[in-house]
Amino acid sequence: INANATVDCAPFTIDNNNLVATSYPIANGSYSWDLLDPNNFQSLGTFNGINALNYTISNPDDSILVVLNTTSLYSCNDDADTILIYTLPDPDASFTVNNTACSPATFNPSYNLPATGLNLEWFVDNTLQSNSTTNPSFSFSNASNTADSIVNIQLVVTAGSGCSDTTNQDVTIWPKPLSDFTLVDSICPNSTASITNNAIGNNLAFDWGTSLASSVFNDSTTSNPSISFSENQSSADSTANIELIVTDTNGCADTSFNDIVIINRPIADFSLPPPQCSPAVISPVDASINTTGYNWSITGTPNATGSNLN
């Protein structure tokens, strides 16, 4: 047997390209190949013909015995030649990674085996990445608010022998829900405002909050609550910052804010002079605050008349 190669990475195909039987046409009558397991000499196959050998060692770190048998044209003793063929061990490309996260997500796959003498290549959806370390970091975003996004992370590990191994793992980027709502820009005190919820997501839970202690939700966990505001005679408008936190079934959350102005209510106040004898003209002294208009009225005295009541 003339051997061009007796060792290679799996899969290793053995045929007349790497094992060549020398032809002796004046002496040999036939050629046959026997393949044996070197551990127990069990037959793995037989091929008849000088160029008939064709067998693939599929597994790494494996071996077979190849026996070439020849018979004589003249009934002389048969002859045989034997050679050991084997495959090299492959490196192990196994890695660990947490395979789910909310968008935007960062995944940190980890190759925990000794990496000396190995070349590591990381691929994301079949695209080679520049990071060749044992613990790279990959960040992804999911543009949807309702559908998962799946990305494939692949590691190819190549040893100095040229043998390699490949491992693939899919990671899931859960969608980030969208928190969004609308309400009026401003409202009078002692009033209630309705809220329109425009949030998007899967099986959302709602958590409403307000920065103004005197404002109260009718239900802070419902989809479309209302919020009531108490009196405001502070001489200045007040602002409530309304917050909505939405959380989906995967625990992914989003937060949005809107402001509403509680308009300052004017304070009506005036004073009267001391009692006077009839007929009398009384001029009240206005002490009101934050007023833009007046509407005076007189009750209880049938003989009284007024002027400039507005």
Side-chain angles (χ1 to χ4, degrees), residues 1-96 109 111-134 152-170:
I1 302 174
N2 294 312
N4 295 324
T6 60
V7 59
D8 204 348
C9 303
F12 183 13
T13 298
I14 306 160
D15 55 23
N16 62 337
N17 291 314
N18 45 41
L19 292 186
V20 180
T22 303
S23 176
Y24 293 101
I26 63 172
N28 293 345
S30 66
Y31 297 83
S32 65
W33 303 84
D34 287 328
L35 305 184
L36 305 175
D37 185 332
N39 298 305
N40 54 27
F41 299 101
Q42 293 279 335
S43 175
L44 300 176
T46 299
F47 301 87
N48 296 311
I50 191 170
N51 295 320
L53 178 63
N54 193 315
Y55 183 83
T56 299
I57 306 176
S58 300
N59 298 322
D61 199 19
D62 201 358
S63 60
I64 63 169
L65 282 173
V66 178
V67 181
L68 174 60
N69 304 293
T70 61
T71 59
S72 171
L73 287 171
Y74 309 103
S75 300
C76 298
N77 291 334
D78 297 338
D79 193 22
D81 192 11
T82 303
I83 192 169
L84 179 66
I85 306 294
Y86 63 96
T87 53
L88 295 168
D90 280 347
D92 187 349
S94 300
F95 65 92
T96 58
Y111 182 70
N112 298 316
L113 300 173
T116 303
L118 299 178
N119 179 56
L120 275 62
E121 294 178 303
W122 295 94
F123 294 80
V124 173
D125 284 342
N126 297 318
T127 299
L128 178 64
Q129 305 299 296
S130 59
N131 196 327
S132 60
T133 65
T134 57
N152 179 262
I153 297 177
Q154 180 188 80
L155 174 61
V156 179
V157 177
T158 305
S161 63
C163 300
S164 64
D165 187 36
T166 301
T167 298
N168 290 273
Q169 290 197 53
D170 287 338

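This is a predicted model, so every value here is computed, not measured.
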(message) So if I apply the side chain to side chain contact (heavy atoms under 4.5 Å, CB included) rule between Pro91 and each of Thr158, Val157, Leu113, which one comes out positive?
(response) Val157
(request) Please assess Thr13 against Asn54 for the test side-chain contact (heavy atoms from CB on, under 4.5 Å), listing each intermediate value before the final yes or no. (result) CA-CA 7 Å; Thr13 298; Asn54 193 315; 4.1 Å; yes
If you look at every heavy atom in [X] and [Y], which pair is closest and at what distance?
| X | Y | answer |
| --- | --- | --- |
| Pro109 | Phe95 | CB-CD1, 3.8 Å |
| Val156 | Ser164 | CG1-CB, 4.4 Å |
| Tyr86 | Ser63 | CB-CB, 3.5 Å |
| Leu88 | Ser161 | CD1-CB, 3.6 Å |
| Pro60 | Ala10 | N-CB, 3.5 Å |

(message) Under the disulfide bond (SG atoms under 2.5 Å apart) definition, can you give me all pairs with a residue in residues 26-79, not counting sequence neighbours?
(response)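 Qualifying pairs: none.
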(request) Give every residue pair that meets the disulfide bond (SG atoms under 2.5 Å apart) criterion with at least one member in residues 1-57, sequence neighbours excluded. (result)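 Every pair satisfying disulfide bond (SG atoms under 2.5 Å apart) with a residue in residues 1-57: Cys9-Cys163.
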(message) Asn18 vs Ile85, test: side-chain contact (heavy atoms from CB on, under 4.5 Å). Steps then yes/no.
(response) CA-CA 11 Å; Asn18 45 41; Ile85 306 294; over 6 Å; no
(request) Name all residues meeting the side-chain contact (heavy atoms from CB on, under 4.5 Å) criterion together with Asn2; count only those two or more places apart in sequence or in a different chain, and write none if there are none. (result) Val20, Thr22
(request) Taking side-chain contact (heavy atoms from CB on, under 4.5 Å) as the test, write out the residues that go with Ala52, two or more places apart. (result) Phe47
(request) Answer yes if the side chains of Asn152 and Asp170 hold a donor-acceptor pair under 3.5 Å, and no otherwise. (result)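 Their side chains do contain a donor-acceptor pair, which is all the 3.5 Å distance test asks for.
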(request) Could you tell me whether the side chains of Thr46 and Asp34 share a donor-acceptor contact shorter than 3.5 Å? (result) yes
(request) State whether the number of non-hydrogen atoms from other residues, nucleotides or ligands found under 6.0 Å of Asn126 atom CG is greater than 12. (result)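 Open: at most 12 neighbouring heavy atoms sit under 6.0 Å from CG of Asn126.
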(request) Take atom CG of Asn77 as the centre, draw a 6.0 Å sphere, and report whether it contains more than 12 heavy atoms from other residues, nucleotides or ligands. (result) no
So [Y] and [X], do their side chains get closer than 4.5 Å, heavy atoms only?
| X | Y | value |
| --- | --- | --- |
| Leu53 | Leu68 | no |
| Ile57 | Ile14 | yes |
| Tyr55 | Val66 | no |

Judged by atom type as modelled, is there a donor-acceptor pair below 3.5 Å linking the side chain of [X] to the main-chain atoms of [Y]?
| X | Y | result |
| --- | --- | --- |
| Asp81 | Ile1 | yes |
| Thr56 | Pro11 | no |
| Thr167 | Leu155 | no |

First locate atom [atom1] of [X], then atom [atom2] of [Y], and finally report the distance between them rounded to the nearest 0.5 Å.
| X | Y | atom1 | atom2 | result |
| --- | --- | --- | --- | --- |
| Asp37 | Ser43 | CG | OG | 10.0 Å |
| Tyr31 | Asn48 | OH | CG | 13.5 Å |
| Ile50 | Trp33 | CD1 | CH2 | 7.5 Å |
| Asp61 | Asp90 | CG | CG | 9.0 Å |
| Ser30 | Asn69 | OG | CG | 8.5 Å |
| Leu36 | Leu44 | CG | CG | 7.0 Å |

(request) List the steps and the verdict of side-chain contact (heavy atoms from CB on, under 4.5 Å) for Thr70 and Tyr24. (result) CA-CA 10 Å; Thr70 61; Tyr24 293 101; over 6 Å; no
Only pairs under 3.5 Å count here: list side-chain donor-acceptor contacts from residues 116-124, not counting sequence neighbours, and write none if there are none.
{"residue": "Trp122", "atom": "NE1", "partner": "Thr133", "partner atom": "O", "Å": "2.8"}

(message) Under the rule for side-chain hydrogen bond (donor to acceptor under 3.5 Å, both in side chains), what residues qualify as partners of Thr134, not counting sequence neighbours?
(response)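 Checked Thr134 against side-chain hydrogen bond (donor to acceptor under 3.5 Å, both in side chains); zero matches.
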(request) Could you give me the CA-CA distance, side-chain angles and deciding distance for Phe41 and Leu65, then say whether side-chain contact (heavy atoms from CB on, under 4.5 Å) is met? (result) CA-CA 8 Å; Phe41 299 101; Leu65 282 173; 3.5 Å; yes
